[in-house]
Amino acid sequence: MPYSMMLDSGHGGSDPGAVYRGRREKDDTLRLTLAVGEILQENGIEVLYTRTTDVYLSPYERAVEANQAGVDFFLSIHRNSYPTDNEVMGVESLIYDLSGLKYQMAQEINEQLETVGFVDLGVKARPNLVVLKRTRMPAVLVEAGFINSDTDNELFDSNFQDIAQAIATGVLDTLENAGVLKEPETPVEQTKYRIQVGLFRNRNNAARQQEALEDRGFPAYIDQWKQYYRVISGEYDMLDEAVAAQRRLKRAGFETLLIQ
Ligand SMILES: [Zn+2]
């Protein structure tokens, strides 16, 4: 089973979140959450969303949604605001308490966001936030810059994709380091059919055979097998292709052996 995460885009619908000069937190969070989710999904995480459109959900409903889905992790994305405009800027992550995987992830996300240009305001414990308190899985709430900071907004708009990537990298690095993310399955090495045209103790003889094949227009290379040098003429994914090639070699007077 892939590692699963509920991505929660803050606010929505009748709740715009923080608003600054017509800019609404709920729009920024939705856009960023979807972008982060896309990257996580591409990296093998099973991604669920509390919302993918402009709808209202209470914080409690969000937690319940995650609990019912039984996801492994809950990541909420918000934008911050400060009573005075353009006074504070930077990223901040909130977690229930300063421990465990969520703490590692919150720190990692902040660090990644710092490389994009945000000031790192640190990780804070907020045990009373509903989405952190009511979720049964580890949860992180990222405040991706202040919506009433022109500096942060400028960064948010001009480096949007880098910001999404930074959050996703923070998530993925943390999960990989913790060993909870299974390595992506390496594609099974396909069995190749190879045609051996000679097995020699002496490398010179093998080289002579290789030349003879090449002179007749056949592919050929030498590889070492135990104490022998074997001359291989062609590798094929499909058995019938290998058999056809074998037939052509036989007609040209070569003795062949099909190996894998
Ligand atoms: Zn918010």
Side-chain angles (χ1 to χ4, degrees), residues 5-37 40 47-66 71 73-98 102-103 105-107 109-110 112-114 116 118-135 137-157 159-160 163-164 166-168 170-171:
M5 290 182 77
M6 180 69 79
L7 263 55
D8 175 45
S9 155
H11 312 280
S14 57
D15 167 21
V19 179
Y20 173 66
R21 295 187 181 158
R23 185 175 185 131
R24 301 175 301 187
E25 182 185 355
K26 67 172 183 176
D27 301 323
D28 282 357
T29 62
L30 182 58
R31 202 173 141 227
L32 184 56
T33 301
L34 294 176
V36 171
L40 291 177
V47 177
L48 284 85
Y49 299 92
T50 51
R51 72 178 180 101
T52 54
T53 55
D54 187 18
V55 291
Y56 176 79
L57 284 157
S58 73
Y60 186 73
E61 284 172 316
R62 294 164 196 259
V64 167
E65 218 177 300
V71 291
F73 207 101
F74 184 89
L75 177 66
S76 187
I77 294 179
H78 284 251
R79 296 213 56 207
N80 226 332
S81 80
Y82 193 76
T84 325
D85 292 341
N86 289 305
E87 193 159 317
V88 183
M89 59 184 187
V91 294
E92 188 176 48
S93 287
L94 312 176
I95 49 180
Y96 181 74
D97 60 29
L98 303 181
K102 62 186 184 301
Y103 190 28
M105 190 182 289
Q107 287 173 305
I109 289 172
N110 280 15
Q112 291 294 331
L113 285 169
E114 201 179 9
V116 181
F118 282 114
V119 175
D120 181 358
L121 297 175
V123 177
K124 316 253 159 76
R126 287 288 162 79
N128 292 320
L129 273 185
V130 172
V131 292
L132 302 180
K133 185 183 181 174
R134 294 291 181 185
T135 41
M137 65 291 305
V140 171
L141 188 152
V142 182
E143 300 271 15
F146 284 75
I147 199 165
N148 60 343
S149 155
D150 291 331
T151 310
D152 278 357
N153 286 342
E154 158 70 22
L155 192 64
F156 190 94
D157 294 334
N159 293 65
F160 179 78
I163 291 166
I167 295 174
V171 169

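When a ligand or atom number is given, it counts from 1 through the structure's own listing order. Computation of the quantities below employed the complete heavy-atom set of this structure, encompassing side-chain atoms and omitting hydrogens, waters and symmetry-equivalent molecules. We're numbering straight along the sequence, starting at 1.
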Q: Mark yes when over 12 heavy atoms from residues, nucleotides or ligands other than Tyr60 sit less than 6.0 Å from its OH; otherwise mark no.
A: no
Q: Would you list the protein N, O or S atoms within less than 2.8 Å of the Zn ion (ligand 1), leaving out water?
A: His11 NE2, Glu25 OE2, His78 ND1
Q: For a side-chain contact (heavy atoms from CB on, under 4.5 Å) with Val140, tell me which candidate from Leu132, Ile95, Ile167 qualifies.
A: Ile95
Q) If only atom types and distance count, is the side chain of Asn86 paired as donor or acceptor with the main-chain N or O of Asp150 below 3.5 Å? A) yes
Q) Which atom pair, heavy atoms only, marks the closest approach of Asn148 to Tyr82? A) ND2-O, 2.5 Å
Q) Does the side chain of Arg31 reach to within under 4.5 Å of the side chain of Phe156, using non-hydrogen atoms? A) yes
(Q) Using the rule side-chain contact (heavy atoms from CB on, under 4.5 Å), only one of Asn80, Val171, Leu75, Leu94 pairs with Val142; which is it? (A) Leu75
